[in-house]
Amino acid sequence: MWGTPPGARISGDGGCFFPVVHLCVLREHQGRGPGKAIMSALTDELERRAPKGACVSLVADGAARHRYARYGFTGTAPASLGRHRLV
């Protein structure tokens with residue numbers, strides 16, 4: 001796990017897979033730039049430190065899924081669909 005800006009974290013195995021997790025911007029700050037700053041910092045860090053060909057993933061629900069295209073994220077369907085389990 002790398003140190004990242006407040007509001008997000010990159011977790012992973014250090015070689016092949018890097019999920020972006022815990023990305024959160026308080027509602028009163030949404031649309032004012034902190035989310036863009038966080039994602040820019042994360043993608044810059046990935047470009048510097050992740051090996052070529054590494055898979056970076058994130059989960060974005062609803063309309064939020066469209067916000068990540070500017071950072072190079074694309075959908076995985078129909079090849080892959082996320083799953084979850086509640087405890």
Side-chain angles (χ1 to χ4, degrees):
M1 176 175 49
W2 301 330
T4 54
R9 179 168 62 98
I10 298 172
S11 183
D13 64 3
C16 295
F17 302 100
F18 296 89
V20 176
V21 296
H22 302 145
L23 177 57
C24 181
V25 175
L26 295 174
R27 188 171 305 279
E28 60 265 25
H29 298 291
Q30 292 176 2
R32 296 183 180 180
K36 290 180 184 123
I38 290 168
M39 282 305 299
S40 291
L42 290 174
T43 53
D44 288 349
E45 189 71 13
L46 285 162
E47 291 295 325
R48 280 193 297 276
R49 298 181 62 177
K52 186 169 177 65
C55 178
V56 181
S57 62
L58 60 78
V59 174
D61 296 326
R65 70 184 183 274
H66 303 294
R67 295 184 187 124
Y68 298 97
R70 73 179 77 183
Y71 305 103
F73 289 89
T74 60
T76 58
S80 176
L81 294 175
R83 300 286 183 261
H84 80 280
R85 177 178 180 260
L86 300 177
V87 178

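Heavy atoms only: backbone and side chains are in, while hydrogens, waters and symmetry mates are out.
- The distance from the CE atom of Met39 to the CZ atom of Arg67 is 12.0 Å, given to the nearest 0.5 Å.
- Taking 4.5 Å as the limit, every side-chain heavy atom of Ser57 sits out of range of all side-chain heavy atoms of Phe73.
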Can you give me every donor-acceptor pair (side chain of residues 13-25, partner residue at least two apart or in another chain, under 3.5 Å) with its distance?
| residue | atom | partner | partner atom | Å |
| --- | --- | --- | --- | --- |
| Asp13 | OD1 | Gly15 | N | 2.9 |
| Asp13 | OD1 | Cys16 | N | 2.8 |
| Asp13 | OD1 | Phe17 | N | 3.1 |
| His22 | ND1 | Arg9 | NE | 3.3 |
| His22 | ND1 | Arg9 | NH2 | 3.1 |

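- Residues meeting the side chain to side chain contact (heavy atoms under 4.5 Å, CB included) test with Ala60, sequence neighbours left out: Leu58, Ala64, Arg65, Tyr68.
- More than 12 heavy-atom neighbours from other residues, nucleotides or ligands sit within 6.0 angstrom of CD on Glu28.
- Scored by the side chain to side chain contact (heavy atoms under 4.5 Å, CB included) test, Arg48 finds Asp44, Glu45 as partners (sequence neighbours excluded).
- When the options Arg32, Gln30, Lys36 are evaluated for a side chain to side chain contact (heavy atoms under 4.5 Å, CB included) with Pro34, the one that passes is Arg32.
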